[in-house]
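Lettering follows sequence order; numbering is per chain, from 1. Values in this document were obtained by computation on a predicted structure and should not be read as measured data.
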Protein chains: 4
Amino acid sequence: MDRHQVKPAPGRPRSQQAMEAVLTAVHRLLQTTAYKELTMEGIAKAAGVGKPTLYRWWPNIASIVMDVMKQQAHHDIGAPDTGSLESDLLLYIGDTCRSLTQGAGAIMRSLMAEAQFDDGFAQIFRESFISSRRATLIALLQRGAARGELQKDADLELLADLCYGPIWYRLLNGHASLDEAFVQAITAHIIMRG
Amino acid sequence: MDRHQVKPAPGRPRSQQAMEAVLTAVHRLLQTTAYKELTMEGIAKAAGVGKPTLYRWWPNIASIVMDVMKQQAHHDIGAPDTGSLESDLLLYIGDTCRSLTQGAGAIMRSLMAEAQFDDGFAQIFRESFISSRRATLIALLQRGAARGELQKDADLELLADLCYGPIWYRLLNGHASLDEAFVQAITAHIIMRG
Amino acid sequence: MDRHQVKPAPGRPRSQQAMEAVLTAVHRLLQTTAYKELTMEGIAKAAGVGKPTLYRWWPNIASIVMDVMKQQAHHDIGAPDTGSLESDLLLYIGDTCRSLTQGAGAIMRSLMAEAQFDDGFAQIFRESFISSRRATLIALLQRGAARGELQKDADLELLADLCYGPIWYRLLNGHASLDEAFVQAITAHIIMRG
Amino acid sequence: MDRHQVKPAPGRPRSQQAMEAVLTAVHRLLQTTAYKELTMEGIAKAAGVGKPTLYRWWPNIASIVMDVMKQQAHHDIGAPDTGSLESDLLLYIGDTCRSLTQGAGAIMRSLMAEAQFDDGFAQIFRESFISSRRATLIALLQRGAARGELQKDADLELLADLCYGPIWYRLLNGHASLDEAFVQAITAHIIMRG
DNA sequence: TTCTAACCGAGACGGTACGTCCCGTCTTCGC
DNA sequence: GCGAAGACGGGACGTACCGTCTCGGTTAGAA
């Protein structure tokens with residue numbers, strides 16, 4: 001079989017407890033503090049953890065915050081499958097926008113911003129958030145296309161950009177809100193285009 | 001701008017020369033250095049200028065860089081008026097994407113990122129760049145709408161988001177390029193939707 | 001004349017006030033804390049001074065403490081000139097031992113120890129303390145020799161070692177005290193040997 | 001040392017081998033590294049030994065180094081007994097100075113320095129090195145005194161200080177070397193004084 | 001022409017956070 | 001049940017910039 005012997009690492013194993021204390025502490029800090037106010041020093045203090053431990057697990061603040069977001073966002077947004085592309089989109093885009101409006105937005109903006117400055121983080125951020133959500137959306141579109149709810153030659157990648165683009169643009173620029181009307185307009189636009 | 005009745009200030013006036021030295025120096029620095037590597041201290045040194053002089057003119061690095069971009073981008077992108085919405089869009093979106101691909105992109109990403117962390121800068125950034133470009137685009141769409149090239153009830157704000165959203169999204173995420181095909185796809189999409 | 005133009009350094013001059021605050025603070029700290037407990041961080045905090053300011057003036061803790069000792073020890077020990085070598089030695093060695101017994105001893109031990117680990121500091125320490133005191137002692141012996149109170153061919157350098165050697169040895173080892181009997185014994189020994 | 005009746009230890013016995021590996025490793029490290037560069041971590045790594053093992057045997061670096069010195073210096077300096085105090089002193093002081101000049105000096109300086117900062121170590125250091133050597137010297141002087149080679153009322157403790165004081169003083173200060181001339185001068189001085 | 005106020009460069013200031021190093025302790029394994 | 005390996009909480013290190021201040025020197029309009 002492929003069950004190769006997992007060699008247990010020598011030495012004291014990493015403390016899951018410490019890692020969780022950090023995530024909890026950062027989550028708590030983010031309730032009252034802006035992302036930009038976070039410091040490794042402050043996080044270590046708040047979590048009752050040594051700075052080297054912090055650096056042993058994460059290379060920078062952005063990565064910690066990303067883990068916090070990952071943990072809590074796991075169950076936030078599912079992949080609806082109602083049998084109708086329009087309902088699916090309304091649900092999915094709606095969930096996305098609601099999540100961003102209700103608090104996650106500020107942090108996601110910060111992470112996206114951080115990704116502009118750090119290529120290493122950018123890659124992980126995109127893999128962890130952007131790509132997986134994009135994949136979900138595209139799968140959803142694909143099902144719709146298979147049912148004939150989109151044109152045969154529809155460019156699903158472009159449709160995904162036409163969906164997520166305006167969402168991020170509004171989130172980052174704040175010139176308009178991610179309200180229900182916006183969700184409907186975007187959905188209508190994609191459906192009609194197909 | 002429209003400053004009239006300048007009270008004749010006592011004392012030595014601010015040195016226009018120093019300001020230009022700063023902009024030049026930052027422009028030069030940005031050829032070889034990432035935006036994130038810039039420091040007020042480094043800029044002052046490179047420009048042969050005292051730190052207080054820097055702070056007298058600009059509150060932070062982002063503002064200096066924004067001024068650099070403003071200066072050179074002034075004539076980059078005009079507002080085409082060919083009489084056809086499609087040609088106008090192809091030209092305008094094409095110019096925009098070309099500009100972003102040819103070097104301005106990296107810095108614009110950084111400025112957009114910075115705007116996520118500093119509300120004061122965000123406001124100026126949006127006024128200086130985002131809003132004016134948006135206004136140009138919307139004027140262009142308006143002319144098209146007046147000629148009947150769009151539906152009567154077309155939501156021009158939304159169309160602008162559907163145009164700029166994907167551009168920024170691709171710029172910030174880097175998952176796809178802002179090439180000619182993209183320009184044509186976006187243009188086609190807007191035209192068809194109208 | 002030799003009065004060459006003293007070019008005033010550009011920039012804000014160093015704050016004499018900050019320097020004095022540091023020396024005062026360290027002096028105060030040394031009342032209640034062992035030399036080894038001192039930290040740059042603690043000194044900066046106690047003096048209300050930034051760490052970089054500390055490093056701008058001194059390369060390490062030993063140098064700061066040395067300056068503290070220099071400041072207060074300036075008038076401690078004079079160079080007696082009574083006309084008699086024996087009285088001179090009794091006074092000079094007595095003053096030296098009393099000074100070391102009354103509190104300076106612990107710190108001088110620490111500085112001497114530090115000098116074993118840091119060549120740069122060692123050089124300054126020896127110039128500032130050891131050599132100048134040695135020079136004073138040798139001058140004193142020289143006067144005695146000139147008066148015929150020592151043998152003509154007496155090796156004054158060796159006599160200085162025979163005087164300071166036991167003092168430092170007892171100070172560093174603590175196996176015997178630097179009391180009046182010791183002062184007399186050393187003095188008698190040098191006189192008799194001459 | 002005098003371990004009799006070794007209780008058949010349950011489990012894995014303590015590794016005498018580990019202890020020796022440490023001493024060997026530290027000896028090796030000291031060939032290329034200054035005492036001050038040694039760290040518990042580095043020693044553990046170099047000796048292929050766990051840090052807790054290190055702490056189980058020694059409380060600090062100084063103690064380890066002291067054991068290294070003890071081990072190799074055991075046979076360095078004997079207690080001569082030629083029947084003449086002068087020859088005995090020339091041999092004994094000469095051996096001492098040669099040993100210090102040939103490499104042991106740097107480390108002995110460091111240990112003496114360390115003893116200024118750590119009372120616990122100071123006590124052991126003095127017992128292990130200073131006192132035993134002093135006792136040897138004093139025994140040697142005593143034999144001389146018994147033979148009438150010193151004055152009857154000679155203060156042997158003081159004579160020991162007059163011998164070791166200058167040696168340590170020169171070693172720690174480096175203002176003069178511990179050469180043959182020095183050995184002869186010190187010897188002559190003690191003999192003449194008696 | 002002199003005065004004087006705001007400018008200029010330079011750079012030190014009090015701070016804060018950085019990322020690293022080592023401490024001495026602990027926890028988990030394999031021997 | 002010892003011993004290696006190494007993660008842990010902790011804390012000081014020396015550095016880099018921050019944004020402010022204090023200098024001596026310059027510059028140009030007002031007196």
#### Entry: Spacing of OG1 belonging to C/T24 relative to CE belonging to C/M19, to within rounding of 0.5 Å
10.5 Å
### Query
In terms of the nearest nucleotide of DNA chain F, which residue is placed more toward the 5' end: C/P59 or D/P52?
D/P52
### Query
Between E/dG15 atom C1' and C/R56 atom CZ, what is the distance in whole Å?
11 Å
### Task
Please report, rounded to the nearest Å, how far the P atom of F/dG19 is from the CG atom of B/L54.
10 Å
### Message
Using 0.5 Å steps for rounding, measure from the CG atom of A/L23 to the CD1 atom of A/I64.
### Response
8.0 Å
### Query
Whole Å only: how far is the CH2 atom of C/W58 from the C1' atom of F/dT15?
19 Å
### Query
For F/dC8, does either OP1 or OP2 sit under 4.0 Å from a side-chain N or O belonging to A/W57?
yes
### salt bridge (Lys or Arg N to Asp or Glu O under 4.0 Å) against A/E41, all qualifying residues, sequence neighbours excluded
A/K51
### Task
For A/Y55 and F/dA7, give me the distance from atom OH to atom C1', rounded to whole Å.
18 Å
### Query
What is the distance from CD of A/Q16 to P of F/dA7, rounded to the nearest Å?
15 Å
### Query
How many Å lie between CZ on A/F117 and C1' on E/dC18, as a whole number?
18 Å
#### Entry: Pairs satisfying side-chain hydrogen bond (donor to acceptor under 3.5 Å, both in side chains), at least one member in residues 111-120 of chain B, at least two apart
A/R109-B/Q116, B/Y35-B/E114, B/N60-B/D118
### Query
Once you round it to whole Å, what is the distance between P of F/dT22 and CD of C/Q17?
10 Å
### Message
Contact list please: residues 28-44 of chain D against DNA chain E, heavy atoms, distance less than 4.0 Å, in numerical order.
### Response
D/T39, D/M40, D/E41
#### Entry: d(NZ, D/K45; P, E/dC21) in whole Å
12 Å
#### Entry: Counterpart residues, side-chain hydrogen bond (donor to acceptor under 3.5 Å, both in side chains), relative to A/Q31 (two or more places apart)
A/H27
### Summary
Per nearest nucleotide of DNA chain E, the residue lying toward the 5' end, B/A47 or A/I61, is B/A47
#### Entry: Any residue meeting ring pair (Phe, Tyr, Trp, His ring centres under 6.0 Å) with B/F125, in chain and number order, not counting sequence neighbours
B/F121, B/F129
### Message
Go nucleotide by nucleotide along DNA chain F from the 5' end; which of A/G48 and D/V49 gets its closest nucleotide reached first?
### Response
D/V49
### Query
Is the base of F/dG19 touched by the side chain of B/K51 through a donor-acceptor pair closer than 3.5 angstrom?
yes
### Message
Going by side-chain hydrogen bond (donor to acceptor under 3.5 Å, both in side chains), name the residues that satisfy it together with D/Q123, two or more places apart in sequence or in a different chain.
### Response
none
### Query
Looking at D/T53, does any N or O in its side chain come under 4.0 Å of the phosphate oxygens OP1/OP2 on F/dC2?
no
